[in-house]
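Below is one structure, written out as C-alpha cells; the observations come after it.
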2 protein chains.
Amino acid sequence: MTEAAQRSTPTGRAKLADVAALAGVSVGTASKALSGSGRMRPETRQRVLDAVETLGFRPNQHAQSLHAGRSWTVGLMTTDGIGRFSTPVLLGAEDALGAGKISVLLCDTRGDTIREQHHLRNLMDRRVDGIIVTGRRTDPRPPLNGVEGIPIVYALSPSTDSSDTSVASDDRGGAHLAIEHLLATGRGRIAHVTGPEHHAAARDRARHAVGLLERSEAQLAGGRVHFGEWSEAWGRRAADLVLRTAPDTDAFFCGNDQIARGVADTLRERGRDVPGEIAVVGYDNWDTMALASRPPLTTIDMNLAEIGRIAALRLLEAIDSEPVPGVHTVACRLVVREST
Amino acid sequence: MTEAAQRSTPTGRAKLADVAALAGVSVGTASKALSGSGRMRPETRQRVLDAVETLGFRPNQHAQSLHAGRSWTVGLMTTDGIGRFSTPVLLGAEDALGAGKISVLLCDTRGDTIREQHHLRNLMDRRVDGIIVTGRRTDPRPPLNGVEGIPIVYALSPSTDSSDTSVASDDRGGAHLAIEHLLATGRGRIAHVTGPEHHAAARDRARHAVGLLERSEAQLAGGRVHFGEWSEAWGRRAADLVLRTAPDTDAFFCGNDQIARGVADTLRERGRDVPGEIAVVGYDNWDTMALASRPPLTTIDMNLAEIGRIAALRLLEAIDSEPVPGVHTVACRLVVREST
DNA sequence: ACTCGTTGAGCAACCGTTTTCCTCGCCGAA
DNA sequence: TTCGGCGAGGAAAACGGTTGCTCAACGAGT
C-alpha cells in the first residue's frame, strides 16, 4: 500500500490519484469526498479521508488555480518604499486576508511608473484575485491603469477617481479629536505647527482645526497655521517662533509626532512646563517618538492596521460579490499621555 | 480573424490556442516559437510573434507552474512583525528577486509558532521555489522544521544549524569600525553603552569592542560595559552614570542610535561639548534618530538592504544549483556625521 | 532513379484537480 | 416479475501550456 503510493509519487508528494488508489475509489470520487460536494456513502468518504491522512496529501494549488482561473492571492502594491505608514497597513491587510487562506504578493514600485507597470503585468499574469494599492502620503493618487477585471482597493492614499474603492484615514476626525481634547482640558490659545502645505494631510487637518477653533471660545495662537516640514528641527524652530510672536500660547497641536517632539524639546529648554504651562499634542502615535519624548506625547493614532484590515475586507467583498465604490474613512483614536 | 479570436476567449484574455489559430500553426508550434526551443522557419516564428502582439497574449502562469512544478515565487517569512530591521532586508530581497521575474509572498508570523506552521503549509502547497526567513533580532534562531525539498535562507537572524544557509550582519566588523574610528580621531577613554546582555547583538559588539580596546593604548571608560535597554531613556541614564563614575570619558560608543541620541541629549544638557569634548557613535544609521539628534550622529550602517539582496542571491543559487551552507556576513559601513 | 538525412511542423500525452455527465445496481411498487 | 427511480461512484472533458515523438517533404549523394 504505502510503498505503492510511494512508488507512484517520485516527487515525494502524494497526488489525488494516490489517495484515490489507496482508498479504492476513482479520482473524481476522491475529489468529491474532499470538497464535500457529491453524494456518497459515509464510509467511502471516510476511507478517502483516511487515505489523505496516511499519505499526508495536500492538493496542488497550481492545478486548482488553473482550473478555477484564480489564485487565492492578492497583490499588495506599495508606491513608495515600505515605510512607517505602509507597514502597519500591510500587516493589517495580510492578517485579514490570511484568515481566508488568501496570500499576499508583495510589490514595491519605489514610486517608479515603469516598475509599477511591470509589477502590474506580473500580477495579472498570475491571475491575482485583487490588488491593494497603498502609499505613504494621504494625498489622492491617480488610479492604476491598464487593469481590467481585477478589483482594486486603494488604502491610505485614495484614488482620484471616486468610482474606485478607497480606504483612508479620517483626517478631519483626527484634528477634531486633538482640538476637542485641548479645549476640554481648558486650553484657549492653541498653535498649530504642521508639515508642508502641499501635503493633503497637513492642509486638511489644519483647515479643520482652524474651523473648530473659530466656532469655539478659543483662538489660533499666532493667528495662522505654521506650515513647514515633518521634522523635529522644524518643530524646534516653530516653537521658538511661536513663543516669540504669541507668548501666551498654552497649547500646541502638531501635524506629527516628530514636530511635536521638537516642540516639546524646545519648550523644555526654554524652561516652560509641559503640560503645566503648555500642552502638546502630536499625530501618528509613532512609539519611538511619542514615548521617547519628554514628557511622553499625547497623540492621534490613525489606526493604520485597521485601515489595512478594512481595505482587505473591502477587497474580499469586491472579489466575491460587488465592489462598494467611494472613499471609506477609518476613525482615529486619541492616545492621552503626559504632555496634556 | 480578430473577432474569431475574440469569440474564442470569453474571459477576455487570449490563450495560446488563439495565437496559434491566428498565426495558422498548431498550439505546440506556437509554444515553441515563444520559448525559443524547437526549430522552425523564421517567418513562422515571426507570424506567431505577430499574433502574440496583436492579441496581447500573456501566458497563464498557473498552467506553466502546473507543468513545471514550480511557481517562480518565494516565501518571505518575517518572524516578528515587519519592523525597522526587517523592512530594508525585505526590500533588498524583493528587488533582487524581482529582477529575475520571481515574486515575493509575504508571511508574517508575529512570533507565533502556530502561525508559522500555518504559513509554511501554505507556502508548500503553493510550491514556492524557496523561502527567506528573517527576524528582528540578530540572535540565532531554530531552523524551520517540516520543510522538505525547499531551499531556505535565513537573513539577519542566522539559523542555529550551521548546515543551513544564513546571511547576517558582521557585528564584530561593526564594532571594529566604530572603535577604530574613535581611536583614529584621538579618543582614549571610551565608554560603551548598549542593550540587554541577553541580546547577541549587544554581547558580540561589546566583546569585540572591549577586545580591541585591550589591544590598544585606550581604555574602557568606567571599566565595564554598560548593558541596559535599547532606549533613549537608558542612554540618558547611562550618560549621567558614566559622567559621574568616569568624568574624564572622551567618547561614547553606543549599541544603537536611540541610546546614542539619549547620550547626546544628556551631554548637551550637562553642557558638555559634542564632539569637542566628547564624541558619540551610534549604531544602525536609523535616519529619524541619527539625523534628528543634536548633533547628528556618526553611526554604523548594517547595510540591511544588502543583506536582503545577498540572501536573495544565495536563495537563487540554492534554487537552481547547490546551496552554499554556513553563515555569510555582510560588512557594515561607517557613516561619519558631526558627533565625532 | 532511389535512398538517406535533415528540417519544419503537427499530434498527443502530460502536469493535478474539478465537474459534468453517465452507468450501473439496487430498491420499492405495481 | 418487471419497470421506474434513485443513489453511489466512475469516465472523461475541461483548465492552458510544454515537450517528446512522428511524419511528410525536400535536397543531396550514389
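Reckoned from all heavy atoms, side chains included, excluding hydrogens, waters and symmetry mates. Note on naming: letters A, B, ... go to the chains in the order of the sequence lines (proteins, then strands), and numbering restarts at 1 for each one.
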Gap between atoms CH2 and P, on B:Trp72 and D:dG17 respectively (whole Å): 13 Å
Under 3.5 Å side-chain donor-acceptor pair for A:Ser163 and A:Asp161: yes
For the pair made of CG in A:Asn60 and C1' in D:dG16, what is the distance, rounded to whole Å? 14 Å
Under 4.0 angstrom between B:Gln64 side-chain N/O and D:dT18 OP1 or OP2: yes
Should the pair B:Arg115-A:Asp95 be classified as a salt bridge under the 4.0 Å nitrogen-to-oxygen rule? yes
Return yes if a side-chain donor-acceptor contact under 3.5 Å exists between A:Asp170 and A:Thr329, otherwise no. no
From the candidates D:dC15, C:dT17, D:dT18, the one with an atom nearest any side-chain atom of B:His67 is D:dT18
Judged by nearest nucleotide, the residue sitting upstream toward the 5' end of DNA chain C, B:Ala63 or B:Ala30, is B:Ala30
side-chain hydrogen bond (donor to acceptor under 3.5 Å, both in side chains) with B:Asp125: of A:Arg58, A:Gln61, A:Lys101, only one passes, and it is A:Arg58
With salt bridge (Lys or Arg N to Asp or Glu O under 4.0 Å) as the test, would you mind laying out the steps for B:Arg47 and B:Glu53 before giving the verdict? CA-CA 10 Å; B:Arg47 276 213 316 284; B:Glu53 185 72 20; over 6 Å; no
I'd like a table of atom pairs between the protein and nucleotides 7-9 of chain C - only N or O on both sides, under 3.5 Å - with the distance next to each one.
{"unit_1": "C:dG8", "atom_1": "O3'", "unit_2": "B:Arg41", "atom_2": "NH2", "d": "3.4"}
{"unit_1": "C:dA9", "atom_1": "OP1", "unit_2": "B:Arg41", "atom_2": "NH2", "d": "3.0"}
{"unit_1": "C:dA9", "atom_1": "OP1", "unit_2": "B:Thr44", "atom_2": "OG1", "d": "2.6"}
{"unit_1": "C:dA9", "atom_1": "OP2", "unit_2": "B:Arg41", "atom_2": "N", "d": "2.9"}
{"unit_1": "C:dA9", "atom_1": "OP2", "unit_2": "B:Thr44", "atom_2": "OG1", "d": "3.1"}

Measure CZ/B:Arg126 against P/C:dC15 and give the value in whole Å, please. 23 Å
Whether A:Arg110 and A:Asp112 form a salt bridge (side-chain N of Lys/Arg under 4.0 Å from carboxylate O of Asp/Glu) is what I want to check. no
Send over the distance from A:Arg70 CZ to C:dT18 P, rounded to a whole Å. 14 Å
Would you kindly give the CZ-to-C1' distance between B:Arg127 and C:dC15, to the nearest whole Å? 11 Å
Atom-to-atom span, NE2 of B:His62 to P of D:dG17 - whole angstrom: 11 Å
In the structure I gave you, are the side-chain heavy atoms of A:Thr165 and A:His328 within less than 4.5 Å of one another anywhere? yes
Between A:Leu34 (CG) and C:dT19 (P), how many Å, whole number? 12 Å
Round to a whole Å and report the spacing from CZ of A:Arg58 to P of C:dG16. 16 Å
